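Single-structure report; data block below.
The structure presented is a predicted model; accordingly, all values stated were derived computationally and were not measured. Proteins come first, then strands; the chains are lettered A, B, ... in the order of their sequence lines, and each starts at number 1. Because only heavy atoms are used, hydrogens play no part in the values below, and waters and symmetry mates are left out as well, while side chains stay in.
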There are 2 protein chains.
Amino acid sequence: MNPSPSPWVRCVALPPPSLKNNTADTDRLLAALKKELAAETIDVDLDLLKQLPAVLRKAGYRIRCTVFRDRHRWVLTGIDTPEAPRPAAGIAVDLGTTRVALRLIDLASCRVTGEHAFDNPQIAIGSDVLARIHHADSPGGLKELNDLIIGGLNTAVGEICRTAGIEPYDICAVSVAGNTAMTHLFLGLEPRWIIREPYIPVVNRPGVLKAADLGLQVSPFARVLVFPNIGSYFGGDLIAGILFSGLHRRQAPALLVDVGTNAEVVLGNRDWLVGCAGAAGPALEGGVTRMGMLAGPGVIDRVAIDPAGRGFDIHTLEERPPIGICGSGVIDLAAQLFLAGMIDIRGKLVAAACSERLRVVEGLRQLVVVPAGQSGTGKDLTISQADLDSLIRSKAAMYTILETIAMTVGLNLDELDTFYVAGTFGCFINPRSAIVIGMLPDLPLERYVPIGNSSLQGAALALTSENAVDEIDRIRDRITYLELNVNQDFMNRFSAAKFLPHTDTGRFPSVLTS
Amino acid sequence: MNPSPSPWVRCVALPPPSLKNNTADTDRLLAALKKELAAETIDVDLDLLKQLPAVLRKAGYRIRCTVFRDRHRWVLTGIDTPEAPRPAAGIAVDLGTTRVALRLIDLASCRVTGEHAFDNPQIAIGSDVLARIHHADSPGGLKELNDLIIGGLNTAVGEICRTAGIEPYDICAVSVAGNTAMTHLFLGLEPRWIIREPYIPVVNRPGVLKAADLGLQVSPFARVLVFPNIGSYFGGDLIAGILFSGLHRRQAPALLVDVGTNAEVVLGNRDWLVGCAGAAGPALEGGVTRMGMLAGPGVIDRVAIDPAGRGFDIHTLEERPPIGICGSGVIDLAAQLFLAGMIDIRGKLVAAACSERLRVVEGLRQLVVVPAGQSGTGKDLTISQADLDSLIRSKAAMYTILETIAMTVGLNLDELDTFYVAGTFGCFINPRSAIVIGMLPDLPLERYVPIGNSSLQGAALALTSENAVDEIDRIRDRITYLELNVNQDFMNRFSAAKFLPHTDTGRFPSVLTS
């Protein structure tokens with residue numbers, strides 16, 4: 001009876017009413033649907049019941065149902081005639097602090113039918129989570145932040161639907177993965193206590209909510225699966241990432257790292273999962289260097305330096321004249337500078353090697369990466385010693401976090417079978433460069449697997465897999481969250497990691513032979 | 001921890017947050033509450049979560065919760081500090097076609113704190129269910145009917161709260177029992193198919209709904225338990241009546257009859273329940289006789305006739321000058337006329353016995369019950385032969401329904417241990433008179449138990465008993481609904497019952513000796 005590959009679109013045939021079988025419309029439908037879904041409980045909104053008598057009779061008691069699931073509970077999210085029904089679609093959302101990405105999925109075929117992304121409009125209030133949380137404390141501040149993200153999403157939903165030729169009304173399932181603070185702002189929940197010791201979110205398991213209660217302009221019967229968080233600093237975006245990577249189903253231990261403002265790390269296998277999050281510094285997001293920026297046309301994403309002549313081979317996105325550099329470009333640049341001897345093992349610019357590329361502006365050393373004549377801005381693109389110092393701190397923090405989590409479970413980093421790198425960072429980064437500067441461990445390159453926007457991918461998976469909701473729960477309940485104690489041991493490891501590639505060069509055999 | 005006798009008001013103490021116990025507010029509360037309630041699932045509205053951080057911290061992690069239940073699912077309906085919390089109240093509603101009755105209950109003490117009743121404002125559309133169902137088919141008709149009853153309820157809730165000195169916002173639980181059509185109009189569900197073969201309601205088990213979704217102006221977190229119905233002609237009001245009577249918990253077979261426009265009958269014990277409903281005619285509601293009316297001041301409710309002198313001893317409600325007669329008065333009158341020989345065994349007025357009280361107006365015989373000089377209207381109050389004929393048909397229908405349902409399960413009516421008589425009818429009727437005219441079986445009078453507005457009582461019980469919701473389900477699922485086949489056998493029994501007290505006078509030994 002269900003030719004669709006989707007768990008959420010079901011066609012059921014009901015026995016038509018008769019004097020011998022005169023149960024109510026709802027009971028008739030739910031009896032058949034419970035059998036079809038092997039479900040004990042199916043919720044139906046009152047307003048959907050209002051449509052039922054007419055649709056049942058029009059459809060001749062064969063009816064197409066869209067459903068959704070929340071653990072043991074199913075929800076009926078729509079009914080239609082099985083002949084030429086309206087589309088049934090879902091929207092997966094990666095609720096990023098900076099960027100929000102949406103993916104449209106046709107629920108009947110489980111195919112992706114659209115993508116859309118937009119800058120989080122809350123940036124107008126503050127570019128980082130902290131500023132927004134403080135703003136939420138001011139009168140009306142929380143509502144303002146909530147309105148911004150809900151408004152942004154509604155506009156984006158309208159956009160993605162228009163492009164796909166469907167109506168927002170056709171969206172009957174939504175999944176949302178974001179960090180804990182973003183999830184709170186999306187739900188309109190007070191984020192105040194997230195950033196105050198002992199760091200308490202309002203909710204860890206928002207579960208499945210009514211889209212209408214959230215102000216989302218989709219089907220009034222649509223449900224929204226909001227990914228759970230472990231705590232204030234380990235959000236649903238990472239749970240979605242784990243779900244997508246499949247790390248929690250593998251026998252061999254693997255590691256997943258998502259680098260944004262925070263480095264979020266999960267290590268484990270099908271039997272255990274350990275997670276932690278730590279500040280890796282903004283350098284990797286391109287927030288620090290004066291020429292740093294997010295990936296976009298004209299942004300330097302790859303750099304190669306000829307070790308002999310020290311000529312720079314610059315690659316930009318869309319091969320446009322260079323206007324800045326993104327995180328992956330900075331890592332490439334630092335690795336190449338190091339290999340060419342233009343920075344030393346402490347990351348300091350070596351005057352002799354840099355020669356005419358070196359400038360000193362207001363007592364601060366700078367290296368000209370792209371001279372004004374070749375840049376897209378008409379000015380020199382430079383990287384300063386401060387930028388490089390910041391990068392070193394970030395890469396050292398990153399490596400120390402990885403080392404610490406591995407130590408905690410008694411693993412060496414080289415025992416990792418797979419190393420998933422999530423995020424834009426994961427897509428653009430050259431793992432070889434990250435190894436050269438000692439940011440990532442010296443594993444064979446094939447163990448590095450970039451998984452892109454794994455938060456969006458995980459959110460999308462929840463819209464195509466009936467069991468995702470159980471998996472999400474199992475992942476969440478199995479993770480041991482490791483509070484990173486920035487104690488003396490940690491600081492010692494951090495100091496050792498502040499060299500290129502590391503004080504203990506034996507850990508980076510491949511770099512020594514570069 | 002729960003000194004309150006109420007299942008719905010609970011005080012819980014939570015472990016305060018610390019770095020070692022930094023789970024989310026919601027998870028912290030629900031863990032404690034699940035333990036307190038032995039509940040697996042507790043739903044919380046998003047808007048209630050929004051209040052949680054502030055209330056928890058203000059209350060010092062000791063919190064008073066109001067909860068409600070829907071089968072396996074609990075719902076959190078309110079939170080407050082345990083010191084001087086706002087009142088937590090519930091409202092039970094008997095949703096009558098003609099009259100709507102409300103009872104206010106303090107949920108902490110389970111005490112009744114107010115009562116209120118009002119005429120169903122849908123009467124403006126039509127006095128009976130049929131007229132309203134037809135009106136619901138017209139454009140906007142259903143919404144109009146729904147608005148009328150919801151508006152009426154909101155006004156009544158405001159009234160009952162004002163009298164009790166609380167706010168509608170303090171109402172966090174509502175229970176509603178009504179017949180199937182009234183329940184549909186209350187829910188805004190299309191009643192069209194209820195009256196059309198094969199008589200299909202939209203829903204049999206509405207379950208527990210959000211008050212806000214129904215437009216009820218109470219706490220936005222309040223839940224509404226809507227009593228289930230068995231089918232189009234056996235409604236939640238009767239389920240509530242069974243719940244209140246306790247018939248379903250007794251060993252000896254008992255019968256419950258609720259007489260309105262329909263006679264609704266349930267027969268059974270703790271092991272089995274059989275229900276049926278049939279048209280008993282409007283005579284018993286006082287809708288037929290020209291002087292008939294609903295109970296109210298000046299309405300004749302009891303009549304005694306001196307068999308020798310044939311003098312009438314009339315009693316009216318509030319002892320005001322008589323202005324009309326209600327159902328119970330008509331039955332008293334008919335019984336007394338029969339015993340005084342003023343009507344014969346076919347219910348026909350006996351001219352010789354009635355003497356000067358008999359009139360013939362336009363060829364129709366009438367009996368003057370109260371002469372103009374003594375009436376409150378300044379006119380004669382009369383009962384016509386047509387009125388009496390109608391009463392005979394009603395009483396015969398009633399007896400035939402009782403006989404049929406008893407026969408179906410192989411019982412004699414005199415085997416009934418208890419005979420519950422519900423409704424206004426049950427309160428005012430003199431069972432002796434009903435036996436004399438052969439409307440009710442000739443049981444010892446002590447077996448007749450008037451239970452008043454058992455629908456309201458049952459609805460109230462659902463607000464004070466944690467297990468009522470399970471009992472309601474069990475009652476509903478255990479009832480075998482008997483479709484009354486008006487076949488030749490039924491018609492034969494009906495004809496036999498059209499005599500006073502019955503063709504088979506052996507069934508009414510006590511009347512023969514009167």
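Interface check for chain A: of the options B:Val44, B:Val203, B:Leu30, the most heavy-atom pairs under 4.5 Å are formed by B:Val203. Heavy-atom pairs under 4.5 Å with chain A were tallied for B:Pro201, B:Gly188, B:Gly231; the largest tally goes to B:Pro201. Between chain A and the residues B:Leu142, B:Ile230, B:Leu189, B:Ile194, the most heavy-atom pairs under 4.5 angstrom are made by B:Leu189. Put simply, of A:Leu214, A:Leu19, A:Leu209, A:Val202, the one with the most heavy-atom pairs under 4.5 Å next to chain B is A:Val202.
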>> Checking B:Leu187 against B:Leu185 for the side chain to side chain contact (heavy atoms under 4.5 Å, CB included) test, could you report, in this order, the C-alpha distance in whole Å, the side-chain angles of both residues, the deciding distance, and whether it holds?
In response: CA-CA 5 Å; B:Leu187 296 172; B:Leu185 296 176; over 6 Å; no
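Proximity of B:Val12 to B:Cys65: side-chain heavy atoms (C-beta onward) are separated by under 4.5 Å at one or more points. The shortest distance between side-chain heavy atoms of B:Leu48 and B:Ile79 falls below 4.5 Å. Counting heavy atoms from C-beta outward, A:Ile63 and A:Leu56 have side chains that approach closer than 4.5 Å. Side-chain contact check for A:Val274 versus A:Ile479: every heavy-atom pair is 4.5 Å or farther apart. Between A:Phe186 and A:Val226 there is a side-chain heavy-atom pair separated by less than 4.5 Å. Looking at B:Leu33 and B:Leu76, their side chains come closer than 4.5 Å, going by heavy atoms from C-beta outward. Counting heavy atoms from C-beta outward, B:Leu225 and B:Val176 have side chains that stay 4.5 Å or more apart.
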Enumerate the inter-chain donor-acceptor pairs under 3.5 Å for chain A and chain B, one line per pair.
{"from": "A:Thr23", "atom 1": "OG1", "to": "B:Asn204", "atom 2": "ND2", "distance (Å)": "3.3"}
{"from": "A:Asp25", "atom 1": "N", "to": "B:Pro201", "atom 2": "O", "distance (Å)": "2.9"}
{"from": "A:Asp25", "atom 1": "N", "to": "B:Val202", "atom 2": "O", "distance (Å)": "3.3"}
{"from": "A:Thr26", "atom 1": "N", "to": "B:Val202", "atom 2": "O", "distance (Å)": "2.8"}
{"from": "A:Thr26", "atom 1": "OG1", "to": "B:Val202", "atom 2": "O", "distance (Å)": "2.6"}
{"from": "A:Asp27", "atom 1": "OD1", "to": "B:Asn204", "atom 2": "N", "distance (Å)": "3.0"}
{"from": "A:Asp27", "atom 1": "OD2", "to": "B:Arg205", "atom 2": "NH1", "distance (Å)": "2.5"}
{"from": "A:Asp43", "atom 1": "OD1", "to": "B:Arg73", "atom 2": "NH1", "distance (Å)": "3.4"}
{"from": "A:Asp43", "atom 1": "OD1", "to": "B:Arg73", "atom 2": "NH2", "distance (Å)": "2.8"}
{"from": "A:Asp43", "atom 1": "OD2", "to": "B:Arg73", "atom 2": "NH1", "distance (Å)": "3.2"}
{"from": "A:Arg73", "atom 1": "NH1", "to": "B:Asp43", "atom 2": "OD1", "distance (Å)": "3.4"}
{"from": "A:Arg73", "atom 1": "NH1", "to": "B:Asp43", "atom 2": "OD2", "distance (Å)": "3.1"}
{"from": "A:Arg73", "atom 1": "NH2", "to": "B:Asp43", "atom 2": "OD1", "distance (Å)": "2.8"}
{"from": "A:Pro201", "atom 1": "O", "to": "B:Asp25", "atom 2": "N", "distance (Å)": "2.9"}
{"from": "A:Val202", "atom 1": "O", "to": "B:Asp25", "atom 2": "N", "distance (Å)": "3.4"}
{"from": "A:Val202", "atom 1": "O", "to": "B:Thr26", "atom 2": "N", "distance (Å)": "2.8"}
{"from": "A:Val202", "atom 1": "O", "to": "B:Thr26", "atom 2": "OG1", "distance (Å)": "2.5"}
{"from": "A:Asn204", "atom 1": "N", "to": "B:Asp27", "atom 2": "OD1", "distance (Å)": "3.0"}
{"from": "A:Asn204", "atom 1": "ND2", "to": "B:Thr23", "atom 2": "OG1", "distance (Å)": "3.3"}
{"from": "A:Arg205", "atom 1": "NH1", "to": "B:Asp27", "atom 2": "OD2", "distance (Å)": "2.6"}

